[in-house]
Amino acid sequence: MTVTSGIVKPYESNYNLQHYEKVYNNFSWESVEKAFSWSKTGQLNIAYEAVDKHVDEGYGDKIALHYVHNETEVKLTFADLKQQSDQYAQVLRKHGVKKGDRVFIFLPKHPDCYVAIMAVIKIGAIAGPLFEAFMEEAIKDRMQDCGAKVLITNSELVSRVPREELPDLQTVLITGESSECQQDELSLWEEIRGLDAESDENVIEWVERDDPMIIHYTSGSTGKPKGILHAHRAMIQQYQTGKWVLDLKEDDVYWCTAHPGWVTGSSYGVFAPWLNRATIIVNGGRFAAEAWYELIERTRISVWYSAPTAFRMLMSAGEELQKQYDLSSLRHILSVGEPLNPEVITWGKRTLQLRIHDTWWMTETGAQLIVNLPSQPIKPGSMGRPLPGIKVEILNDKGEPLPIGEVGQLAIKANWPSIMKGIWKNEEKHQSYFPYDGWYISGDLAYKDEDGYIFFQGRNDDMINSSGERIGPFEVESKLIEHPAVAEAGVIGKPNELRGEIVKAFIVLRNGYQPSDELLKDVRAFVKTKLAAHAAPREIEVLEQLPKTRISGKIMRRVLKAWDLGIDPGDTSALDGGQKKETLYTTKQ
């Protein structure tokens, strides 16, 4: 690997997509359809393509899922996965679940969770996976909104489910024995044992490509979370991005660190790898640098998909710790959830001798749209270029394309296979994503360079206007974490009578650094010198931790702004750390 003028060039290797420009100019989504059995049989269901098809084609003995939690290890082959998901599906059918019904899965990252998702989709129902750390209010909002009929959970998590406020919920299945059930809960294990062992029932419900299969809720700055509904047709793009962007091959051991309760954990933790017949690693427990490195060494992970926050936490843990582990199995690393800071790319290149590839997409898009392909150069700080089959423009407020280098609205030409089918019971909100004819507006601000690379500048409501200067918070955050004392940073625009807004930074210090006026002056001077005077924070506040989403680690700037202004931050059910503001030190420049 070489670096020229900031561009990180790829290794020479046998990547699944070699010639980006040639493929981009000639690609059509229809050409992907021949990879699926339904292109010949006319019988369509994503669960069949991800699981049963591999068994039918002679790959039943291949490991599909390898679960590791402390000293516990479980390995399921594709044949095991088919058998268990068939059994779950038969139980659901027995309890009246039919096509279009909503079945929620509230389980930790455990094989049961993955089997349950496949079972629900197999019978044409809609899977609603819930993140294991959700508490009562978050669970109620989601299940109540779409009238959940059945819940699959365990004896520990079920205590958080407010059943008395869920009138549509008819059946609760516990992944355990009857002794673990309360009231009218049913033991899933006992229900499975009660099935007709001789039954050769085909549990697959064949569907149309636009039929819904999964619902994910995403939080906004105001109001309740909205239910993003995805259809079976998403498999076309999930398969192809798994092949081209994840660069998956059948012998890969693949680890996506997200829980299936988030769209990354389903689209790229379940569907994309299994559609490409790869083995997935599922790890129980929370983040710990030692545990993550040990898992990579122990299971020989080759492709790894995580979030910038996780990589920054590994950076903070130090290079000496990393050197204690054999990470030589890794060949490809990707990032998602928030823009990837250039400093993280530099760290990966220096310590792992591998590039970290940023990818951009949203819950609403269902799959990756703008990517850094393994065969293409990376421009640190860029989200990459549009995937073949995707057209991207930067538009002004009138919906007109902007020139190269100008910041505007990031827009994608609709439609693509994985685009959301809709928003549950909210068509008005769904249509709001398409204010200009044929264009999906992401809410992100970005610019395009002369090579077609896209550079994120902030959310539409995150951009800072200080004395007439437009300042992207991500650019300032990236520069802040290059300072040796700064582990994490979140930047907002704070209202100011003189300048309209000023740049305010919230930072978390690295171990070994203590906050002081002198240190914060040095941090501000660093940004001023390395970036620009107008971008240097005029206020810096040191926090114990920043408010971040649990899985992607995305810094919630709207929460920082709400804290600073003393207003309601809106829905915070997706937050991990930083639920409350814990200020260690503050100074004004």
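We use all heavy atoms of the structure for the numbers below, so side chains are in, but hydrogens, waters and symmetry mates are not.
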* Quick one: list whatever passes ring pair (Phe, Tyr, Trp, His ring centres under 6.0 Å) with Phe287, sequence neighbours left out. => Trp292
* Thr218 and Glu364: side chain donor to acceptor below 3.5 Å -> no
* Is there a donor-acceptor pair under 3.5 Å between the side chain of Ser335 and the backbone N or O of Ala307? -> no
* Approximate separation, where rounding is to 0.5 Å, of Leu169 CG and Leu151 CG -> 6.0 Å
* Results of side-chain contact (heavy atoms from CB on, under 4.5 Å) for Lys98 - residues two or more places apart only -> Asp101, Lys149
* Over all atoms of both residues, closest heavy-atom pair of Lys75 and Asp80 -> O-OD2, 4.0 Å
* **Asp437, CG: over 12 other non-hydrogen atoms inside 6.0 angstrom** => no
* Give a yes or no on whether the ring-centroid distance for Tyr239 and Phe36 is below 6.0 angstrom. => yes
* Counterpart residues, side-chain contact (heavy atoms from CB on, under 4.5 Å), relative to Ala278 (two or more places apart) -> Leu248, Pro273
* **Partner residues of Glu164 under the side chain to side chain donor-acceptor pair (under 3.5 Å) criterion, sequence neighbours left out** => none
* Asked: Is there a side chain to side chain contact (heavy atoms under 4.5 Å, CB included) between Glu185 and Arg163 once you walk through the steps?
  -> CA-CA 11 Å; Glu185 298 162 6; Arg163 293 188 60 182; 3.9 Å; yes
* **Rounded distance (nearest 0.5 Å) linking atom CD1 of Ile126 with atom CG of Leu229** => 5.0 Å
* Asked: Is any side-chain N of the basic residue among Lys109 and Glu132 closer than 4.0 Å to the acidic one's carboxylate O?
  -> no
* To do: With salt bridge (charged side-chain N to carboxylate O under 4.0 Å, His left out) as the test, would you mind laying out the steps for Glu250 and Arg277 before giving the verdict?
  => CA-CA 6 Å; Glu250 287 189 15; Arg277 204 181 280 147; 2.8 Å; yes
* To do: Determine whether the side chains of Thr279 and Lys62 contain a donor N or O and an acceptor N or O closer than 3.5 Å.
  => yes
* Are the ring centres of Trp244 and Phe27 closer than 6.0 Å? -> yes
* **Sequence-distant partners of His430, side chain to side chain donor-acceptor pair (under 3.5 Å), two or more places apart** => Glu427
* Measure the spacing between CG of Leu186 and CD1 of Ile152 and express it to the nearest 0.5 Å. => 11.5 Å
* Could you walk me through whether Trp189 and Ile174 pass side chain to side chain contact (heavy atoms under 4.5 Å, CB included), step by step? => CA-CA 8 Å; Trp189 302 160; Ile174 301 295; over 6 Å; no
* Taking every non-hydrogen atom, the tightest pair across Trp29 and Gly389 -> NE1-O, 3.2 Å
* **Atom NZ of Lys249: over 12 foreign heavy atoms under 6.0 Å** => yes
Exercise answer: donor-acceptor pairs, residues 417-425 side-chain atoms, under 3.5 Å, sequence neighbours excluded:
residue : atom : partner : partner atom : Å
Ser418  : OG   : Gln237  : OE1          : 3.0
Ser418  : OG   : Thr365  : O            : 2.6
Ser418  : OG   : Ala367  : N            : 3.4
Lys421  : NZ   : Asp210  : O            : 3.1
Lys421  : NZ   : Asp210  : OD2          : 3.1
Trp424  : NE1  : Asp145  : O            : 3.3
Lys425  : NZ   : Asp145  : O            : 2.9

* **Listed partners of His69 passing side-chain contact (heavy atoms from CB on, under 4.5 Å), at least two apart** => Tyr67
* Asp252 versus Ser302, side-chain donor and acceptor atoms under 3.5 Å -> yes
* To do: State, with a plain yes or no, whether a side-chain heavy atom of Val120 is found less than 4.5 Å away from one of Leu92.
  => yes
* Structure fact -> Sorted by chain and number, sequence neighbours left out, ring pair (Phe, Tyr, Trp, His ring centres under 6.0 Å) with Tyr293 holds for Tyr325
* Structure fact -> Note: Glu49 and Lys53 closest approach over all heavy atoms is OE1-CD, 3.2 Å
* Asked: Are the side chain of Asn70 and the backbone of Thr72 linked by a donor-acceptor contact shorter than 3.5 Å?
  -> no
* To do: Kindly determine whether Asp61 and Thr77 satisfy side-chain hydrogen bond (donor to acceptor under 3.5 Å, both in side chains), including the steps that lead there.
  => CA-CA 5 Å; Asp61 292 337; Thr77 64; 5.4 Å; no
* Residues two or more places apart in sequence or in another chain: which of them pass side-chain contact (heavy atoms from CB on, under 4.5 Å) with Arg209? -> Glu33, Trp38, Leu44, Arg233, Ile236
* Residues which pass ring pair (Phe, Tyr, Trp, His ring centres under 6.0 Å) with Tyr254, listed by chain and number, not counting sequence neighbours -> none
* Asked: What do the steps show when you test Glu191 against His95 for side-chain hydrogen bond (donor to acceptor under 3.5 Å, both in side chains), and what is the final call?
  -> CA-CA 10 Å; Glu191 293 287 313; His95 289 280; 2.8 Å; yes
* Give a yes or no on this: more than 12 heavy atoms of other residues, nucleotides or ligands lie within 6.0 Å of atom CD of Glu73. => yes
* Asked: How long is the span from the CG atom in Asn283 to the NE2 atom in His66, to the nearest 0.5 Å?
  -> 11.0 Å
* To do: Determine, for Phe134 and Arg142, whether the Lys NZ or Arg CZ falls below 6.0 Å from the six-membered ring centre while staying within 45 degrees of the axis.
  => yes
* For Tyr433, ring pair (Phe, Tyr, Trp, His ring centres under 6.0 Å) partners two or more places apart -> Tyr440
* **Beyond-backbone contact of Phe106 with Met143, side-chain heavy atoms, under 4.5 angstrom** => no
* Charged N-O contact under 4.0 Å between Glu165 and Lys140 -> yes
* Salt bridge or not for Arg300 and Asp326, using N-O below 4.0 Å? -> yes
* Considering non-hydrogen atoms only, spot the tightest contact between Leu81 and Ala64 and give its length. => CD2-CB, 4.1 Å
* Going by atom types alone, do Ser266 and His216 pair a side-chain donor with an acceptor below 3.5 Å? -> yes
* Asked: Tyr48: what forms a side chain to side chain donor-acceptor pair (under 3.5 Å) with it, not counting sequence neighbours?
  -> Asp56
* Salt bridge check: are Asp247 and Arg331 linked by an N-O gap of less than 4.0 Å? -> yes
* Note: Arg160-Glu136 ion pair, threshold 4.0 Å (strictly below) -> no
* **Over all atoms of both residues, closest heavy-atom pair of Leu107 and His259** => O-NE2, 2.8 Å
* Asked: Under the criterion side-chain contact (heavy atoms from CB on, under 4.5 Å), which of Asn45, Asp86, Val97 is the partner of Ile123?
  -> Val97
* To do: Could you please spell out the steps behind the ring pair (Phe, Tyr, Trp, His ring centres under 6.0 Å) verdict for Tyr59 and His54?
  => CA-CA 5 Å; Tyr59 293 87; His54 306 316; 7.3 Å; no
* Taking all atoms of both residues into account, what is the closest heavy-atom pair of Cys113 and Pro260, and its distance? -> SG-CG, 4.1 Å
* Kindly state whether the ring of Trp262 and the ring of Phe131 have centres lying under 6.0 angstrom apart. => yes
